[in-house]
Amino acid sequence: MLKKCHNEGNRTLQIKFVLRGITDRPELQIPLFLVFFSIYVITMAGNLGLFFLIWKDPHLHTPMYFFLGNLAFTDFCTTSSVTPKMLMKFSNKNGMISLGECSNLYYYFCFSATTEVFLLVAMAYDRYVAICNPLHYAVVMSKRLCTVLISMSYIIGFLNPAILIGLLSRLTFCRSNIIDHFYCEILPLYTLSCTDPSLHALVTFIIASSIQINTSVAIVVSYARVLFAVLNMKSKKGRKKASFTCSGHLLFVSLFYGTLLFMYVSPGSGPGKIQDKMYSLFYTVLIPLLNPIIYSLRNKEVLGALKRIIK
């Protein structure tokens with residue numbers, strides 16, 4: 001079953017891997033396939049529908065929805081880089097994947113996840129300006145600034161996985177070819193290398209932790225100032241509206257960052273552990289599903305735009 005490329009001394013380097021998946025229990029394969037296929041269809045429809053709605057309705061052509069549309073697009077990319085291969089594993093037990101395909105899938109996943117992190121920072125800054133400096137909102141959040149923030153998010157999203165894939169390409173693989181995960185996560189791949197991956201793991205940790213910690217600090221500072229401004233509002237109606245606007249953002253950020261920090265930064269996290277698979281399921285499958293629900297069903301402007309499109 002293994003495809004071999006060449007020998008280096010007594011080591012045989014493998015370029016084919018087997019994704020172990022979520023579980024090896026055969027009686028769970030069909031039920032899990034149906035569950036995750038349903039989640040995938042709903043996620044695709046929700047995020048693409050939200051993206052189309054924001055693009056189509058002129059009433060939603062504002063900075064907040066500009067960022068939200070891009071967030072929906074990155075969520076679509078995230079789940080599309082993971083779920084199809086997972087569904088194939090449920091229906092085809094061998095789960096074979098080449099190193100090149102594995103690297104490509106991880107690149108697209110890491111690109112969308114990194115971009116999403118910086119989009120959340122941009123959205124937090126947008127809410128800060130809207131609530132703390134409303135009179136100058138139109139001037140500060142200009143179309144040019146929004147374009148710059150979006151562009152920088154995608155550029156960093158492009159560069160980050162390029163560095164990690166570059167590090168991965170310097171490793172050779174001669175141990176077990178079984179990846180104890182349901183998608184091509186880079187940390188389990190390191191454990192299969194016959195080259196010492198300690199430096200690579202350290203660089204991955206530094207990059208992941210610096211991005212997550214710095215962006216989370218920026219988001220916390222923005223929302224702390226928003227909270228201070230809300231508490232000082234004299235109007236009860238204004239406080240309620242501001243709190244409602246930010247609550248969805250804070251819920252999404254908490255879920256997204258919480259699982260990522262546990263996965264990549266938590267000292268107890270390690271490849272092959274069942275809790276890591278659960279964390280990964282949360283931010284690769286469930287959070288993209290929740291995004292349209294959090295930002296759409298609770299939002300009167302989005303629901304109003306949907307009614308106008310239907311009519």
Side-chain angles (χ1 to χ4, degrees), residues 1-2 14-44 47 74-114 116 161 164-165 168 171 173 175-193 197 201 204 208 255-256 258-266 268-291:
M1 292 294 295
L2 298 180
Q14 301 165 348
I15 62 171
K16 285 286 186 178
F17 297 96
V18 177
L19 287 170
R20 178 168 287 177
I22 296 176
T23 178
D24 293 329
R25 296 175 62 179
E27 69 274 13
L28 294 178
Q29 301 303 311
I30 294 178
L32 286 175
F33 175 87
L34 295 175
V35 169
F36 285 103
F37 179 76
S38 300
I39 291 176
Y40 184 56
V41 171
I42 296 172
T43 302
M44 296 276 284
N47 283 290
T74 56
D75 274 333
F76 159 75
C77 294
T78 298
T79 192
S80 295
S81 66
V82 173
T83 309
K85 196 65 183 179
M86 182 169 59
L87 294 175
M88 290 174 62
K89 171 62 180 176
F90 288 137
S91 59
N92 183 10
K93 295 183 179 180
N94 61 36
M96 296 293 290
I97 186 171
S98 68
L99 178 59
E101 184 183 1
C102 201
S103 299
N104 288 334
L105 290 177
Y106 180 76
Y107 178 88
Y108 289 121
F109 161 74
C110 191
F111 162 75
S112 56
T114 304
E116 184 163 345
L164 299 180
I165 293 299
L168 183 64
L171 298 177
F173 297 91
R175 298 177 183 174
S176 169
N177 70 322
I178 298 176
I179 301 176
D180 190 11
H181 220 293
F182 59 87
Y183 79 103
C184 289
E185 225 293 318
I186 202 165
L187 297 180
L189 273 173
Y190 284 160
T191 65
L192 304 182
S193 172
T204 301
L255 293 173
F256 186 76
T259 51
L260 282 179
L261 286 171
F262 272 109
M263 183 68 187
Y264 288 102
V265 182
S266 173
S269 179
K273 294 184 178 181
I274 188 63
Q275 63 265 30
D276 285 350
K277 291 185 182 181
M278 297 301 103
Y279 295 147
S280 298
L281 269 178
F282 210 84
Y283 66 75
T284 58
V285 177
L286 296 182
I287 287 182
L289 170 68
L290 294 175
N291 177 31

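These figures come from a predicted structure and were not determined experimentally. Reckoned from all heavy atoms, side chains included, excluding hydrogens, waters and symmetry mates.
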Legend entry - Listed partners of Phe37 passing ring-ring contact (aromatic ring centres under 6.0 Å, His included), at least two apart: Phe33
Inset, instruction - Please report the closest heavy-atom contact between Cys184 and Ile97, naming both atoms and the distance. - result: SG-CD1, 3.5 Å
Inset, instruction - Please round to the nearest 0.5 Å and tell me the distance separating atom CD of Glu185 and atom CG of Leu105. - result: 12.5 Å
Legend entry - Ile179 side, atom CD1; Ile186 side, atom CD1 - distance, nearest 0.5 Å: 11.0 Å
Inset, instruction - For the pair Phe17 and Leu99, evaluate side-chain contact (heavy atoms from CB on, under 4.5 Å) and give the outcome as yes or no after the intermediate values. - result: CA-CA 7 Å; Phe17 297 96; Leu99 178 59; 3.6 Å; yes
Legend entry - Ser81 (side chain) donor-acceptor with Thr78 (main chain) under 3.5 angstrom: yes
Legend entry - Pairwise distance NZ(Lys85) to OG(Ser80) - rounded to 0.5 angstrom: 15.0 Å
Legend entry - side-chain contact (heavy atoms from CB on, under 4.5 Å) between Thr83 and Thr284, intermediate numbers included: CA-CA 8 Å; Thr83 309; Thr284 58; over 6 Å; no
Legend entry - Straight-line distance of His181 NE2 to Met86 CE, nearest 0.5 Å: 11.0 Å
Legend entry - Partners meeting side-chain contact (heavy atoms from CB on, under 4.5 Å) with Leu28 (sequence neighbours left out): Thr23, Arg25, Leu32
Legend entry - Euclidean distance, Arg20 CZ relative to Asp180 CG, rounded to 0.5 Å: 4.5 Å
Inset, instruction - Please name the pair of heavy atoms, one in Tyr40 and one in Pro84, separated by the smallest distance, quoted to 0.1 Å. - result: OH-CG, 3.7 Å
Legend entry - Gap between atom CG of Leu290 and atom CG of Asp75 - 0.5 Å precision: 9.5 Å
Legend entry - Donor-acceptor under 3.5 Å (Asn47 side chain, Asn291 main chain): no
Legend entry - Given Phe109, Tyr106, Tyr108, the one that forms ring pair (Phe, Tyr, Trp, His ring centres under 6.0 Å) with Tyr183: Phe109
Inset, instruction - Provide the closest heavy-atom pair for Leu168 versus Ser103 in the form atom of the first, atom of the second, distance. - result: CD2-OG, 3.7 Å
Legend entry - Stepwise side-chain contact (heavy atoms from CB on, under 4.5 Å) test for Leu281 and Phe36: CA-CA 10 Å; Leu281 269 178; Phe36 285 103; 3.7 Å; yes
Legend entry - Thr79 side-chain N/O to Phe76 backbone N/O, donor-acceptor pair under 3.5 Å: no
Legend entry - Heavy-atom closest pair, residues Thr43 and Ile39: OG1-O, 2.6 Å
Inset, instruction - Verify the neighbour count for atom CG of Leu34: are there more than 12 heavy atoms of other residues, nucleotides or ligands below 6.0 Å? - result: yes
Legend entry - Phe182 to Leu19 - nearest heavy-atom pair and separation: O-CD1, 4.2 Å
Legend entry - Sidechain-backbone polar pair: Ser193 side chain, Tyr190 backbone, donor-acceptor under 3.5 Å: no
Inset, instruction - Run the numbers on Val285 and Leu289 for side-chain contact (heavy atoms from CB on, under 4.5 Å), then give the verdict. - result: CA-CA 7 Å; Val285 177; Leu289 170 68; over 6 Å; no
